[in-house]
Every structure is written in C-alpha cells, then in structure tokens.
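Single-structure report; data block below.
Fair warning: this is a prediction, and the values are worked out from it, not measured in the lab. Just follow the structure's listing: the first ligand is 1, and inside any ligand the first atom is 1.
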Amino acid sequence: MTDLSSIERDLLAQIDAAPDEAALESLRVSTLGKKGSVSDLLKTLGRLSPEERKVQGPLINGLRDAVAAALAARREVLEGAALDARLAAERVDVSLPVREAPEARGRIHPISQVVDELTAIFADMGFRVAEGPDIETDELNFTALNFPVGHPAREMHDTFFLPPDHHGQRKVLRTHTSPVQIRTMRSEPPPIRVIIPGRTYRHDSDQTHTPMFHQVEGLVIDRHANLANLKWVLVEFCKAFFEVEDVKMRFRPSFFPFTEPSMEVDIQCSRRGDEIRFGEGEDWLEILGCGMVHPNVLRHCGLDPDVVQGFAWGMGIDRIAMLKYGMPDLRPFFDADVRWLNHYGFRPLDMPTLAGGLTG
Ligand code: DAH
C-alpha cells in the first residue's frame, strides 16, 4: 500500500528532524500513543476480514515497529547531544589550584616553630620543659639569683615594675627565664635537667629588641655536672638546630651574678652581605650566656654546693629564629600582620622534626 509507505516516510522524516527530546515525545504520543495515528491504524485491523488482515497486519505492525525504532534511535542521538552540551557547559578546569582548607590556611608563628624545634632537640638529650609565670617577685627574678639589693646588674635589665601590692611588694615582669631555675630547684630534688622556654620583658625597642621577647634557659644540677658537659650540650644543640655537620664555638669570660665562672658563647659563622652561614667562616656571633651555677644560688634553693653542682645557660629564642630563617627585623614578629605570617609562618599540618624548618 503506497498509502502506508508514504505515511512511514513522512513520520520517519519528522522523527529524524525532531529538534529536542520534548518534540520527540510529542511525536511519540501523536503516533504510538493511545490516540496516535499508528495506534488508530492498528485498531482498524479488527474490522478487516481475515484475508485483508493477513496482508494489512504485517504492514501496519511493520509501520509501528519502524516508527518505534526511529523514535528510539532519535532519542539516543538527542540524549547524547544533551549530555555533550552539559559536559561542555559544566567543564571543570582541573588545573586550577585548589583553595586550601581553613585548617591548612593558618600559620604557625616562627617563635612557636622554633620552640617546638628546640624542645625536640633538648628532649632528645633527656631534658624536660619547665615553666613559670611572666609576673615574678623581685626575690625570684633577682635576689635568689644572687643579684644583691642595689647591685648595678639589676639596672642592666631595664625592668618593668608593677605597682606595689598590699604588702608593699613590687612585682616585676620577669626580665629573663632564670627565675624558673630557682622555682625548679626549690620544687624538685637533683638530678635536674630542664629547659625553660618563655616570654621575657625589658624596656627596650629597636630592630633587634622588642619590650617582650623570648628566651630559653637550660639548667642541669647533678653531683658531677661540669663545663665539659655544658659545652657538649651546646655544641650538639647548635649542630642540630642550625643543621650543620660541625660548628666551632668560642667561650668568652663574662659576668652574670648567678654563675661562676660565667661565659658568653660565640658561634663560628661567615657573613656575605646580609647572609649569615654557620659551621664555616672566620666570623663570630654571640648567641648565649652560660656558666656554672653560683654556690649562692644553690644555697638559696636549699642545695649544698659541696654535694651538687650544675650548669645553666640562657639564649634568645627570637635571635636564633632570626638567624636560622633569615628574618632581618624582630619588630614585625609581634605586629600580628597576616601578610608577614603568611610569608614567614609554618604550615600547621607539617610535623615539627628535629631539624624542622630548613630541610623540612
Ligand atoms: N639570664 C641571662 C640574661 O637574660 C642569660 C643567662 C646567662 C642565663 C647565663 C643563664 C646563664 O642561665 O647561666 O641576660
């Protein structure tokens, strides 16, 4: 029947030209739907004689199958095109840098990093951390450390005094971490092996001094603790901290009321322009004060200098941080400027290691 084949040609052309899935769906409804044109043709079969049906049946069913197949094929093409369009529209540029999660965006302050590093190094040598308050009595900050009242060494400390309390006592912002030596010796029996990192305060401000700064104190009290032990501890610390194979140190005689003998220690370095390198060169840089604990200090803590002895040292944390990480000015350390912190700070999810910062 020419009739049927022209219907088929016409329908298949329409299906092929359907621009989108909605148009295709309305074509499906108008052909194969309950009241569709092809369904209507199928319904006419019932009214035909068996002979006619034998001829018409396969033709009309063939038309239905051809339309169904064309609809399915067109649907597949349109779905594919829709997916391609969506993929193109929702393209993700995987080469874009990922924005850091909040917990990865914060920064560890260089001082905290250096305190972690030096704690790890001294812990490895058997030291534990001791702490004391920032506000100290005059007795602990000075007198017990063998600064007699009126002694000129007190003046060297540019002390911040607090207003007198109801006992008339003037507390001070501790000028060094040394009073924690006294607190430690008064609260535990020897052998003692502690480091004391903490905040200290002096009335001073320029490129390398801020009114609040940080020190780490070391104290060893034992029957035989001696200068050779002190030297070994300091040399090992400097090698580990500055990450050098070997480092020469120079012990110069000095004066501190709480040690006898007292020394200042310089470490070997080379300077090229602004850059300082350790473990090489002909130059020297002062990094700490140290000595054997003065017998008067031991006595002030109830220890017998004929039975025990010890050594101590005090080092500026800010200073060694500036040297290790090449930070030329101390003042921005405490400005809380996020740009400075982003530049000089450390990533919080990096684990501090013995030699943390430089190689890490
Ligand atoms: N407390 C001293 C200061 O701030 C540093 C110091 C020197 C500490 C010698 C010590 C030491 O323990 O033995 O200037």
Study note, to complete from the structure: Nearest non-hydrogen protein atom to atom 12 (O) of ligand 1, with distance, is Glu217 OE2, 2.6 Å
Exercise for review: From the options Arg199, Arg183, Arg170, select the one residue that forms a salt bridge (charged side-chain N to carboxylate O under 4.0 Å, His left out) with Glu136.
Suggested key: Arg183
Practice item. Tell me, please: is Met315 in heavy-atom contact with ligand 1, that is, under 4.0 Å? Key: no
Review point. Can you find an N or O of Phe258 that's nearer than 3.5 Å to an N or O of ligand 1?
Key: no
Study note, to complete from the structure: In this structure, atom 14 (O) of ligand 1 is nearest to the protein heavy atom Arg202 NH2, 3.6 Å
Exercise for review: Begin from the C-alpha positions of Lys54 and Glu51 and carry the test salt bridge (Lys or Arg N to Asp or Glu O under 4.0 Å) through to its verdict.
Suggested key: CA-CA 5 Å; Lys54 243 187 204 151; Glu51 289 74 31; over 6 Å; no
Check your understanding: Can you list the ligand 1 atoms lying under 4.0 Å from a non-hydrogen atom of Gln181?
Key -> 12 (O)
Review point. Can the ring centres of Phe237 and Phe127 be said to be less than 6.0 Å apart?
Key: no
Point to revise | Pair Glu139 + Arg186: basic N to acidic O under 4.0 Å | key: yes
Check your understanding: With atoms numbered from 1 as shown, which atoms in ligand 1 lie under 4.0 angstrom from a non-hydrogen atom of Ser178?
Key -> 1 (N), 8 (C)
Practice item. Examine Phe258 together with His300 and report whether their ring centres are nearer than 6.0 Å. Key: no
Check your understanding: To which protein heavy atom is atom 5 (C) of ligand 1 closest, and what is the distance rounded to 0.1 Å?
Key -> Gly314 CA, 4.1 Å
Exercise for review: Return yes if a side-chain donor-acceptor contact under 3.5 Å exists between Asn342 and Arg339, otherwise no.
Suggested key: no
